[in-house]
Amino acid sequence: MLFQINKISIGKASQLAKMPLLQFQNELAIRNINIHYDETDLDVDLKNSAII
């Protein structure tokens with residue numbers, strides 16, 4: 001729900017749901033929840049993954 005109301009990124013939401021990102025995206029599709037992913041979300045996900 002936090003992802004759906006744009007409070008957390010998709011990466012963080014998949015972590016909280018304890019499922020891989022692709023599986024989480026599939027669940028969103030099944031539930032007809034749109035993915036709202038922008039450059040800010042990408043930056044947050046990259047920082048969370050310690051790539052940067």
Cut-off 3.5 Å, no hydrogens considered: what does the side-chain donor-acceptor table look like for residues 6-17, sequence neighbours left out?
{"from": "Asn6", "atom 1": "OD1", "to": "His36", "atom 2": "ND1", "distance (Å)": "2.9"}
{"from": "Ser9", "atom 1": "OG", "to": "Lys12", "atom 2": "N", "distance (Å)": "3.2"}
{"from": "Ser9", "atom 1": "OG", "to": "Asp45", "atom 2": "OD1", "distance (Å)": "2.9"}
{"from": "Ser14", "atom 1": "OG", "to": "Gly11", "atom 2": "O", "distance (Å)": "2.9"}

- Spacing of CG belonging to Leu46 relative to CD belonging to Glu39, to within rounding of 0.5 Å: 11.0 Å
- Please list, chain by chain and in numerical order, all residues satisfying side chain to side chain contact (heavy atoms under 4.5 Å, CB included) with Leu22, sequence neighbours excluded. Gln25
- Message: Grouping I, L, V, M, F, W and Y whenever their side-chain heavy atoms are under 4.5 Å apart, do Leu2 and Val44 come out in a common cluster?
- Response: no
- Task: Look up atom CG in Asn34 and atom CZ in Phe3, then write down how far apart they are to the nearest 0.5 Å.
- Result: 8.5 Å
